[in-house]
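Heads up: the structure comes next, in structure tokens.
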Amino acid sequence: MNRYVRIFILILLPWLAILLQSTIFSTYSIKGTVPDLVLIFVAFFALINGEKKATVYGFLCGLLEDLVLGRFIGMNALAKGLTAYILGKLQGNVFKENIMVGVLGVLLATCINTLSMFLMSLVVLPVFHMDLGLGMGIIYQIIYNIVLTVPLYLWYYNSSIYGRLSYDREF
Amino acid sequence: MLKILRSRYFWLVLSVVVVSLIIMSKTSVHRENITLLEKIVRETYTPLQSGVSGIRHNWDGWTIAFANKQQQSRTIESLKKQNNDLTLQNQKLREYRAEALRLRQVLSFAQSKRDEFDFISARVIARSSGNWYRYLVIDQGQEAGVAKDMAVISPQGLVGRIGTVSQHSAQVNLITDRETAVGAILQQSRETRGIVEGLGNSNRLRMANIPYYSKIKKGNIVVTSGLSSVYPKGIAIGKISKVTKEPSGLLLIAQLKPMTDFDKLEEVLIIKNYHPPLEALGEDAANE
């Protein structure tokens, strides 16, 4: 039973994240920048569950984002899959109980995801304008993501070890 | 190296990456229709985005009612309830007033332009969920007659064009999106033409291909030139905020502040049909 609840919550999280990003958080954006809640949840999953499962999860979460966006389907999927893979490699080497691991993980994930999206945009877009505004937008997103990581990581970690997202516990 | 080539995971990942890249190349912004899967996902989100937007509109009234309720827990019970009701009603009325003023502005604009344009009005229910593209989601779709590439405006100026459409909603690619370009002309002098492009990462615009001898300066208003089949002529795009030279020195580049505040945009008008006024047709014939 817990397995199905766990899968349901793992599907619900990115789905709700996109809804909140496009409605509530787009209203409270910093200079037009919204947080990437989907990336935050993918980063948490990767840190706790390792690279193999995280790659699949990240790819599917990115694909959901692509289907909502309707442009260059596969770009977010590949970017988040790659981000999850790299972050998942850290799973056995960090103390996941420490909130700073979550914060630094999200910081790293934001940088990797942004770099991947940027490189793919250079390939698929005919023209890509680069200026200081792009860099500032990335910095704002990193700050916004980190601010949201602090309360979310504690909940996610506890849920993954003791709660609904854990593998072993039965309800 | 050979060990990796023998690994089935390597071939699985490689095939997923290749298929993703192929799908990515086929799903640019210029395709005619979205897939059934995308329509299903969008139609799932549309009522929820409308609902959340509605809740957000009423949030101020609810928070004040909550604060008042806390304060009034120390006073007589009947006065508490009355004060709650009046505050909530007051906040709702203020919200309705603000909405009425906005809608009056939109209606007045639509009525003033009704000889030129056939409009479909729509409410913004969601905005870009990421930071790479700039778009809005509106609550009108194929059922209301919205189609791809229809121009979208507000009383302040140009908003963008319809990108993808599902049954009950549509995505509006803003002019600040990095894949949008609009043919433009200076409103006052009418002699300087250029292309206005979005930068994608902020609410700023860039006008390129301006001849070096142009008299363009800060404060000039830029409007649509009407040379494309999408955007009618004369719709305000933005105001020049800065003019610089391209590295080659032959052309100028200008930065623009859009006329429309996209972060505060709540209602838009979609141009279904455009009937250019006779004097505009005469001017175009004279220019040819």
Side-chain angles (χ1 to χ4, degrees), chain A residues 15-27 29 31-39 52 55-56 59 62-78 81-82 85 114 117-118 120-121 123-138 140-141, chain B residues 9 13 16-17 19-29 31 34-35 37-42 44-45 48-53 55-56 59 125-137 163-164 166 171 173 176 178-179 181 197-204 206 208 262-264:
Chain A
W15 197 83
L16 268 179
I18 293 172
L19 179 64
L20 290 173
Q21 276 172 218
S22 61
T23 50
I24 307 285
F25 284 106
S26 62
T27 307
S29 58
K31 300 272 188 187
T33 306
V34 294
D36 195 340
L37 282 173
V38 179
L39 181 66
K52 280 190 181 155
T55 305
V56 175
F59 184 86
L63 189 61
L64 177 64
E65 268 195 299
D66 286 329
L67 290 173
V68 172
L69 175 60
R71 248 190 269 191
F72 301 118
I73 293 176
M75 192 184 279
N76 275 300
L78 286 176
L82 174 67
Y85 176 77
T114 304
M117 291 289 289
F118 171 66
M120 282 191 278
S121 296
V123 172
V124 299
L125 289 175
V127 178
F128 190 95
H129 297 296
M130 281 180 57
D131 65 355
L132 190 60
L134 183 65
M136 291 308 296
I138 294 166
Y140 292 139
Q141 188 177 41
Chain B
Y9 291 114
V13 168
V16 167
V17 170
V19 168
S20 297
L21 289 172
I22 292 170
I23 294 173
M24 212 190 300
S25 64
K26 299 267 182 240
T27 52
S28 76
V29 73
R31 59 185 168 137
I34 56 176
T35 59
L37 186 58
E38 287 170 88
K39 282 183 185 168
I40 292 169
V41 170
R42 299 264 182 96
T44 312
Y45 269 105
L48 293 167
Q49 285 169 334
S50 295
V52 174
S53 289
I55 291 170
R56 190 179 56 76
W59 180 248
I125 57 172
R127 299 171 200 277
S128 329
S129 56
N131 298 304
W132 289 90
Y133 302 103
R134 301 274 152 183
Y135 63 88
L136 304 172
V137 179
T164 52
S166 55
Q171 209 174 71
N173 296 332
T176 48
R178 65 179 81 250
E179 288 194 67
E197 302 163 321
L199 295 172
N201 49 286
S202 65
N203 286 337
R204 288 181 300 131
R206 175 181 182 270
F262 298 111
D263 291 335
K264 293 194 174 80

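Since we're looking at a predicted model, the values are computed, not measured.
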So, are B/Arg178 and B/Glu197 salt-bridged, with charged N and O less than 4.0 Å apart?
no

Under a 4.5 Å heavy-atom cut-off, does chain B meet the side chain of A/Phe59, its backbone, both or neither?
side chain

Side chain, backbone, both or neither of B/Tyr135 within contact of chain A (heavy atoms, under 4.5 Å)
side chain

Region of B/Arg127 that comes under 4.5 Å of a non-hydrogen atom in chain A
both

With chain B, which of A/Ser29, A/Gly81, A/Ser26 has the greatest number of heavy-atom pairs at distances under 4.5 Å?
A/Ser26

Counting only heavy atoms not in A/Tyr85 (residues, nucleotides, ligands), do more than 12 fall under 6.0 Å from its OH?
no

Please classify the contact between A/Leu37 and chain B as side chain, backbone, both or neither, with a heavy-atom cut-off of under 4.5 Å.
neither

Looking only at atom types and distance, does a side-chain atom of B/Ser166 sit under 3.5 Å from a main-chain N or O of B/Arg42, one as donor and one as acceptor?
no

Side chains of A/Gln141 and A/Thr114: closer than 4.5 Å at any heavy-atom pair?
yes

Chain A heavy atoms under 4.5 Å from B/Ile125: which part of the residue, side chain, backbone, both or neither?
backbone

For B/Val17, which residues count as a side chain to side chain contact (heavy atoms under 4.5 Å, CB included) partner, sequence neighbours excluded?
A/Leu78, B/Val13, B/Leu21

Between B/Gln49 and chain A, with a heavy-atom cut-off of 4.5 Å, which part of the residue counts as in contact: side chain, backbone, both or neither?
both

Can you list the residues that meet the ring pair (Phe, Tyr, Trp, His ring centres under 6.0 Å) rule with B/Tyr45, with sequence neighbours excluded?
A/Trp15

